[in-house]
Amino acid sequence: GQWRRATHLLQSGEASLVSGAGAISAIEKALRWSSSVALLAGLAADRVGVDKVCVNAALRCLERQGRWRKMLQLMKAMTEARLA
């Protein structure tokens, strides 16, 4: 699906903030919550960066899957990083 193509593009070294947000949104639509959180962490670690769009897409995915504890953990981490 689209989410696989999106993550492949990012893994090929062509990641940007815009492509990262798009990939997380595609993953969200595929309801792959663990992939969205992993991608968000990868973007932050790779110095591509994350913004509120990326974070909100990952939070939506967690919410849609009922992963409330994980969602609260992510919200706390993003608040501490001043992204939420």
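Just one of Q73, R69, M75, M71 meets the side chain to side chain contact (heavy atoms under 4.5 Å, CB included) condition when paired with L62; it is M71.
Not a single salt bridge (charged side-chain N to carboxylate O under 4.0 Å, His left out) links R67 to another residue, sequence neighbours left out.
Atom NZ of K76 sits about 5.0 Å away from atom CD of E80, to the nearest 0.5 Å. Expressed to the nearest 0.5 Å, how far CD of Q65 lies from OG of S34 amounts to 9.5 Å.
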